[in-house]
Amino acid sequence: MGKESLSITDNRTGKAYEVPIEHGAIRGMDLRKIKVSDDDFGLMSYDPAFMNTASCRSTITFIDGDKGILHYRGYPIEQLSEQSTYLEVAYLLLHGELPTADQLSDWAWKITHHTWIHENLKKFMDGFHHDAHPMGMLVSGVAALSPFYPEAKNGTDAETRQLQIVRLIAKMPTLAAFTYRHSLGMPYAYPDNDLSYTGNFLNMLWKTTEAQYKPDPVLEKALEVLFILHADHEQNCSTNAVRSVGSSQVDPYCAVAAGVAALYGPLHGGANEEVLKMLQAIGSKDKIPEFVKQVKEGKAKLMGFGHRVYKNYDPRAKIIKRMADEVFAVTRPNPLLPMALELERIALQDDYFVSRKLYPNVDFYSGLIYQAMGFPVAMFPVLFAIPRTSGWLAQWQEMRADAEQKIARPRQLYLGSALRDYVPIASRNSEEEP
Ligand code: CMC
């Protein structure tokens with residue numbers, strides 16, 4: 001193999017430069033020395049939407065988008081989803097290694113004993129209309145935790161950071177369940193420390209008059225798997241938001257609220273909600289060819305298909321699709337499933353999708369399971385935000401510990417007006433307006 005460097009000739013000046021290559025990348029700052037004159041700012045790279053820019057070095061999650069591979073800390077998602085639990089995976093993401101039995105029980109104890117939220121947060125929830133979108137309530141609810149924990153501002157102290165991490169992972173299901181109960185006008189159900197992380201979440205959603213809520217083990221396990229699959233996904237839109245906002249050294253509640261906000265969008269975590277709406281709008285199998293035609297004409301989007309990184313079947317979608325039958329055996333089959341399968345079959349035979357490498361992503365089948373489990377469509381992105389919190393926090397923690405990171409501040413290419421003098425209003429000619 002040749003030298004690990006890049007030779008660049010600037011054809012504007014004829015000067016040659018050598019730039020080191022490390023881990024398959026050059027440093028953006030190395031381009032700055034490429035100048036046409038001493039007072040030139042130096043060369044920048046232009047990369048809207050970060051299509052080809054690494055913003056950090058990370059040891060958390062590995063994705064091979066061409067092969068459809070996903071690993072957390074080196075462990076394949078298939079093994080974790082089959083053999084692990086969500087809390088164990090959260091520990092792995094945050095600590096880098098699987099816990100011992102003692103570490104896991106200590107970790108689970110801590111999370112279980114931080115699930116309660118301040119009673120004043122209930123009043124805050126009560127301020128929303130009954131039909132407020134639960135994701136809007138969650139964004140605000142997470143941000144509203146910030147003033148309750150002013151010590152969280154001290155991001156330099158490792159122990160303080162750990163406490164906020166535990167609090168956020170523990171309180172997320174409580175906040176999420178409260179948004180749901182609020183939308184139904186039901187009294188909030190408090191956490192039950194005898195239940196698992198997912199079992200307790202189901203309890204806070206669906207407990208009514210029984211002395212102790214008993215989650216269905218199949219549904220509890222299915223939610224556990226769905227939570228594992230959604231726990232982290234390296235530098236996606238919401239994680240980038242958490243890192244970027246967190247780089248200002250704001251407390252993690254505000255940084256994670258930014259992540260929830262980013263996740264809300266229909267191109268990101270809101271896509272699972274859009275898939276259900278799309279399937280309902282298509283209505284029946286015989287309308288699928290017409291819908292696919294509209295997608296190809298650019299009049300509609302096939303929600304739950306395509307991914308910035310995966311150019312192959314999303315491994316998470318494969319696991320969810322396999323799991324669907326187990327869940328439907330307990331609930332009842334989702335009548336939209338045959339339509340989703342047919343839509344996938346037709347799309348994967350069509351050159352439009354094949355040539356663009358558009359495959360089902362994690363959101364294509366997850367909503368069908370959530371719906372069969374009894375969740376309203378608006379809760380789907382909330383179900384994504386709960387487990388993604390551990391990934392956001394692992395990434396936030398890594399960013400805070402990375403000596404190379406500074407406040408995130410991209411450059412721009414300014415293409416606006418050159419310097420000009422202010423024109424008093426009386427002298428402006430309205431006919432010159434565009
Ligand atoms: N339906 C129809 N065409 C599509 C789709 C789709 N779902 N996704 C991409 N394309 C086309 C796109 O129009 C473009 O075509 P052309 O080259 O002719 O202009 C080509 O495929 C490349 O797409 P892109 O928009 O440049 O790709 P991107 O990497 O910027 O976007 C994406 C990735 C996920 C935003 C996009 O595929 C999309 O909008 N998918 C639907 C929404 C969705 O399911 N989002 C969930 C993503 S996975 C979970 C998560 O991250 O939350």
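Whatever order the structure lists them in is the order used to number ligands and atoms, beginning at 1.
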Do His307 side-chain atoms and Val309 backbone N/O form a donor-acceptor pair below 3.5 Å?
yes
Atoms of ligand 1, numbered as shown, that sit under 4.0 Å from any heavy atom of Gly304
43 (C), 44 (O)
Do you see a protein non-hydrogen atom under 4.0 Å from atom 25 (O) of ligand 1?
no
Heavy-atom count check: over 12 atoms from other residues, nucleotides or ligands less than 6.0 Å from Glu97 CD?
no
Check whether Gln405 reaches the backbone of Ser55 with its side chain - one donor and one acceptor, N or O, closer than 3.5 Å.
yes
For ligand 1, indicate whether the residue Arg356 contacts it via side chain, backbone, both or neither (heavy-atom separation under 4.0 Å).
side chain
Taking only non-hydrogen atoms of Gly269 and a 4.0 Å limit, the atoms of ligand 1 in range are 52 (O)
Measure from atom 10 (N) of ligand 1 to every heavy atom in Val295, Leu302, Asp314, Leu358 and give the option owning the shortest one.
Leu358
Under 4.0 Å to a heavy atom of Val362 - the qualifying atoms of ligand 1, by number
49 (C)
Atom 47 (C) of ligand 1: nearest protein contact (heavy atom, Å):
Asn361 ND2, 3.5 Å
Using the ring of each side chain (for Trp, its six-membered ring), is Phe375 parallel, tilted or perpendicular to Tyr370, with breaks at 30° and 60°?
perpendicular
Tyr352 heavy atom under 4.0 Å from ligand 1:
yes
Below 3.5 angstrom, do we get any N/O pair linking Met303 and ligand 1?
no
With under 30° as parallel and over 60° as perpendicular, where do the rings of Phe305 and Phe353 fit, or are they tilted in between?
perpendicular
Min N/O separation His268 to ligand 1 under 3.5 Å
yes
Say whether, by atom type as modelled, one donor and one acceptor occur between the side chain of Tyr86 and the main chain of Leu223 under 3.5 angstrom.
no
Quick one: does Phe384 get within less than 4.0 Å of ligand 1, heavy atoms only?
yes
With a sphere of 6.0 Å drawn around CZ of Arg27, does it hold more than 12 non-hydrogen atoms of other residues, nucleotides or ligands?
no
Under 3.5 Å: donor-acceptor pair, side chain of Thr179, backbone of Leu138:
no
Part of His307 with heavy atoms under 4.0 Å of ligand 1, whether side chain, backbone, both or neither
both
Under 3.5 Å: N/O of Arg316 near N/O of ligand 1
no
Among Phe124, Phe148, Tyr149, find the one that has a ring pair (Phe, Tyr, Trp, His ring centres under 6.0 Å) with His118.
Phe148
What do you think, any protein heavy atom under 4.0 angstrom from atom 44 (O) of ligand 1?
yes
Rounded to the nearest 0.5 Å, how far does SG of Cys56 lie from CD of Glu398?
6.0 Å
Check Leu263 against ligand 1 and report side chain, backbone, both or neither, counting heavy atoms closer than 4.0 Å.
neither
If you round to the nearest 0.5 Å, how far is CG of Leu43 from CZ of Arg12?
6.0 Å
Is the count of non-hydrogen atoms from other residues, nucleotides or ligands lying under 6.0 Å from Asn52 atom CG greater than 12?
no
For ligand 1, which atoms, with element, lie under 4.0 Å from some heavy atom of Ala271?
43 (C), 44 (O), 45 (N), 46 (C)
Starting from atom 34 (C) of ligand 1, locate the nearest protein heavy atom and write down its residue, its atom name and how far away it is, to 0.1 Å.
Gly306 O, 3.7 Å
Between Thr9 and Asn11, do the side chains contain a donor N or O and an acceptor N or O under 3.5 Å apart?
no
For ligand 1, which is the ligand I care about here, please tell me if Leu267 has any N or O atom under 3.5 Å from one of the ligand's N or O atoms.
yes
Within 4.0 Å of atom 3 (N) of ligand 1 (strictly less), any protein heavy atom?
yes
Quick check against the 3.5 Å criterion: does Tyr72 have a side-chain atom that pairs as donor or acceptor with the backbone of Asp232?
yes
Ligand 1 to Arg308, heavy atom cutoff 4.0 Å, flagged ligand atoms 28 (P), 29 (O), 30 (O), 33 (C)
Got a protein heavy atom sitting under 4.0 Å from atom 32 (C) of ligand 1?
no
Ring geometry between Phe178 and Tyr190 (parallel below 30°, tilted from 30 to 60°, perpendicular above 60°):
perpendicular
Is there at least one protein heavy-atom neighbour under 4.0 Å from atom 8 (N) of ligand 1?
yes
Quiz question for you: does at least one protein heavy atom lie closer than 4.0 Å to atom 16 (P) of ligand 1?
yes
Would Asp363 count as a contact of ligand 1 if the rule is a heavy atom under 4.0 Å away?
yes
Does atom 40 (N) of ligand 1 have a protein non-hydrogen atom under 4.0 Å from it?
yes
